[in-house]
Amino acid sequence: MRIVDVNGFYAPEGGGVRAYVDLKLAYAARHGHEVIVLAPGPEDRFERRPGGGIQWVAAPAFPLDRRYGMFVDAAPIHRLLDQWLPDAVEASSPWRTADIVAAWPGDAPRHWIMHADPLAAYAYRWFGRVATIDRIDRWFGWYWQRLQRIAPAYRSIVCANDWLTDRLVAGGLGNARTVRFGIEAGIFSPARRNPDLREKLLAACGRPADGMLLLGVGRHSPEKNWPLVIAAMNALPERCQAGLLLVGEGRDSAALRRQIGGNPHIQLLSPTHDRAQLAELMASADALVHGCEAETFCFVAAEGAASGLPVIAPTRGAAADSAGVVAVRYAAGDPVALRTAIETTADRRGVKSLAGAAAPRHRTMDQHFAALFSSYAAPWELAA
């Protein structure tokens, strides 16, 4: 089967979407499929990969984050779809990409992969302290009308968690379905825990070996809500003896450094693309903390849980769902609630044992792609 993924979010320095697409290509290579990714880039260029390839399409840079491009013109995308003769087409953005794929006159079935949840990323975060979700949805009725207008062009709208699926169905998108994501097999495990590394990292945070090492992983952008995490850390009582490592970078890095100020217990680390190194870092921490309430799946939470960590996550979005039984939930956007959740995790070290026992039970990405590709072959019955 040949799948063409029109992906407005794919970029060499991207995060979760880049990782997802790379795993999809690898799965295709092992199972006899072909995935062609159409991605915005500085020039027209085809990059062959095992399992398919990346067709870069000349497009302007996204003004708010120049690591990414943005599709504007539909004509070159439609020409490439005609050229590649796909068995199935994916649209991987709710914005211009979805319009372009919906307007393509070809016959191949279309599937909309919800890699982003703009209302949760922005509107719910901005206005959630003064209005209910229902009221915010009414304020942004134009967005729901847009989704309702485009949705009939798609055979299915694929969500990675039930929270997003349920909202889309309630909003009139009856073809929304959940096909859960997973983690990369054989990488993340409690067995990678390194006590010496843990002690070294705690010392870097000015904490003793019996302190609590918290880990946050993700790009420094507004929707990740790292200021909330830093505010909660700054308010923690000294008895918690907690240190925090924030692994990532982005356009908000300078602002985060200013907020951290002289607090020696919070350290920023550059991101790593070495999966084994990240897995060792995760397994060597004591808990993962996450501020984003707009995750559509949250690989970081699933990888942390698979590494044996309790995951401190907001009540909205997919982070808590991806963590499963070891999620410690707090009211989204509330720094006091997050501080309390961190304190609770510090006081109940037994939750770490529970997390370790649950770690081997996490779904893999191979299971996700097997279900997804099967649904494309028999689109009237989407596999769960």
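Numbers here are sequence positions counted from 1.
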Q | By ring-ring contact (aromatic ring centres under 6.0 Å, His included) - contacts of Trp144 (at least two apart) | A | none
For [X], check side-chain contact (heavy atoms from CB on, under 4.5 Å) against everything at least two apart and list the hits.
{"X": "Arg339", "value": "Ala232, Ala235, Leu236, Val336, Glu343"}
{"X": "Asp107", "value": "none"}
{"X": "Glu223", "value": "Ala121, Tyr122, Arg125, Arg219, Ser221"}

Between [Y] and [X], is there a salt bridge with N-O shorter than 4.0 Å?
{"X": "Arg207", "Y": "Glu199", "answer": "no"}
{"X": "Asp286", "Y": "Arg193", "answer": "yes"}
{"X": "Arg146", "Y": "Asp99", "answer": "yes"}
{"X": "Arg192", "Y": "Glu280", "answer": "no"}
{"X": "Arg48", "Y": "Glu34", "answer": "yes"}
{"X": "Arg30", "Y": "Asp366", "answer": "yes"}

Please check if any side-chain donor atom of [X] sits under 3.5 Å from a side-chain acceptor atom of [Y], or the reverse.
{"X": "Thr296", "Y": "His115", "answer": "no"}
{"X": "Asp22", "Y": "Tyr27", "answer": "no"}
{"X": "Trp56", "Y": "Glu47", "answer": "yes"}
{"X": "Asp196", "Y": "Asn194", "answer": "no"}

Q. Considering the options His31, His111, His33, His368, which one meets the ring pair (Phe, Tyr, Trp, His ring centres under 6.0 Å) requirement together with Phe373?
A. His33
Q) Relative to the ring of Tyr124, is the ring of Trp163 parallel (under 30°), tilted (30 to 60°) or perpendicular (over 60°)? A) perpendicular
Q: Using side-chain hydrogen bond (donor to acceptor under 3.5 Å, both in side chains) as the criterion, point out the one residue from Asp162, Asp137, Asp117 that pairs with Arg167.
A: Asp117
**Q.** salt bridge (charged side-chain N to carboxylate O under 4.0 Å, His left out) contacts in which one or both residues fall within residues 289-300, not counting sequence neighbours
**A.** Lys224-Glu295, Glu293-Arg316
Q.
For a salt bridge (Lys or Arg N to Asp or Glu O under 4.0 Å) check, start with the C-alpha distance between Glu303 and Arg275, then their side-chain angles and the critical distance, and finish with the verdict.
A. CA-CA 11 Å; Glu303 291 163 354; Arg275 303 292 280 165; 2.7 Å; yes
Q) Checking side-chain hydrogen bond (donor to acceptor under 3.5 Å, both in side chains) for the pair Asn175/Trp112: CA distance, chi angles, key distance, verdict? A) CA-CA 10 Å; Asn175 50 345; Trp112 195 352; over 6 Å; no
**Q.** Chi angles and distances behind the ring pair (Phe, Tyr, Trp, His ring centres under 6.0 Å) call for Trp95, Tyr143
**A.** CA-CA 10 Å; Trp95 299 115; Tyr143 178 76; 5.6 Å; yes
Please table the atom pairs, donor to acceptor, closer than 3.5 Å between any side-chain atom in residues 243-251 and protein atoms at least two apart or in another chain.
{"from": "Arg251", "atom 1": "NE", "to": "Leu64", "atom 2": "O", "distance (Å)": "3.3"}

